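Heads up: the structure comes next, in structure tokens.
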Amino acid sequence: QAPGGPQLPRPLVPGTAHRSRLERRLPAAAWQALKARAGDWGVSPTALVLGLFTETLRQWSAEPAFTLVLTHFNRPPLHPQMRELVGPTISSLLYVVQASGDTNLRALIRRHHQQLWQDLEHSSVSGVKALRQARRGRGSALSLPVVFTSMLGSEVSTEPLQHLGEVVIVHAVGREA
């Protein structure tokens, strides 16, 4: 049975929390350094950022084990014109972060990388379907307020979308309220 979302600190005064969007651009030199570190550790840039994000959440969470919702690009090559399809082709999966006593960051990041690939291998069961199954087993909804999305290093082609105007790819980190 999957644990709930990370138990993060709440505002002292209920109702005073606000949602803000965090958006940053990584300078080219920093991006190259991140990719080099990921390569040195044998992980993908996404796994490196996911691992750092997850371990930061773990430091703030009241419980060391928790579940995140991960979104991933899912456009299977079912038709020659599939890449030209305009619409949501994002799927979700539940990423269960187990408690770990390991303090070696490289080992933790490699574990996140391995788990990410294992979870993606089983992505035919969507996060929505898994949540429904969890609700049946628990008798109540599973609260998963943190969503992680990354397309770092993805070869996302914008050519088929040029007729719609300028294509802007934004990377953001946020917490769902």
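What you see is a predicted model, and the numbers here were worked out from it, not measured in a lab.
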(message) To check you understand the geometry: which heavy-atom pair defines the closest contact between Phe66 and Thr54, and what is its length?
(response) CZ-O, 3.7 Å

(message) Using the side chain to side chain donor-acceptor pair (under 3.5 Å) criterion, which residues pair with Gln7? Sequence neighbours excluded.
(response) none

(message) With a 3.5 Å distance limit and no angle check, can you tell me whether Arg110 reaches the backbone of Trp41 through a side-chain donor-acceptor pair?
(response) yes

(request) Can you sort out the partners of Glu63 under salt bridge (charged side-chain N to carboxylate O under 4.0 Å, His left out), two or more places apart, ordered by chain and number? (result) none

(message) Less than 4.5 Å apart, side chain to side chain, heavy atoms only: is that true for Pro6 and Leu68?
(response) yes

(message) If you compare all heavy atoms of Thr46 against all heavy atoms of Leu116, which two are closest, and at what distance to 0.1 Å?
(response) CG2-CD2, 4.3 Å

(message) Any side-chain to backbone donor/acceptor pair from Ser61 onto Leu57? Under 3.5 Å, distance only.
(response) no

(request) Could I get the full list of side-chain contact (heavy atoms from CB on, under 4.5 Å) partners for Val49, not counting sequence neighbours? (result) Leu34, Phe148, Leu152

(request) Give the C-alpha distance, both sets of side-chain angles, the deciding distance and a yes or no for side chain to side chain contact (heavy atoms under 4.5 Å, CB included) between Val146 and Phe53. (result) CA-CA 11 Å; Val146 181; Phe53 180 70; 3.8 Å; yes

(message) Rounded to the nearest 0.5 Å, what separates atom NZ in Lys35 from atom CG in Leu48?
(response) 13.0 Å

(message) Donor-acceptor check, side chain of Thr67 to backbone of Tyr95, threshold 3.5 angstrom: yes or no?
(response) no

(request) Please report the shortest heavy-atom distance between Ala47 and His112, naming the atom on each side. (result) O-CB, 4.5 Å

Do any side-chain atoms of residues 96-103 form donor-acceptor pairs under 3.5 angstrom with protein atoms, and if so which ones, sequence neighbours left out?
unit_1, atom_1, unit_2, atom_2, d
Ser100, OG, Asp102, N, 3.1
Ser100, OG, Arg111, NH1, 3.1
Asp102, OD1, Asn104, N, 2.9
Asp102, OD2, Arg111, NH2, 3.1

(request) Indicate the atoms forming the closest heavy-atom contact of Gly4 with Leu144, along with that distance. (result) C-CD2, 3.7 Å

(request) Considering non-hydrogen atoms only, spot the tightest contact between Trp31 and Pro45 and give its length. (result) CH2-CB, 3.8 Å

(request) Please tell me if the side chains of Leu50 and Leu70 come closer than 4.5 Å, counting only heavy atoms from C-beta onward. (result) yes

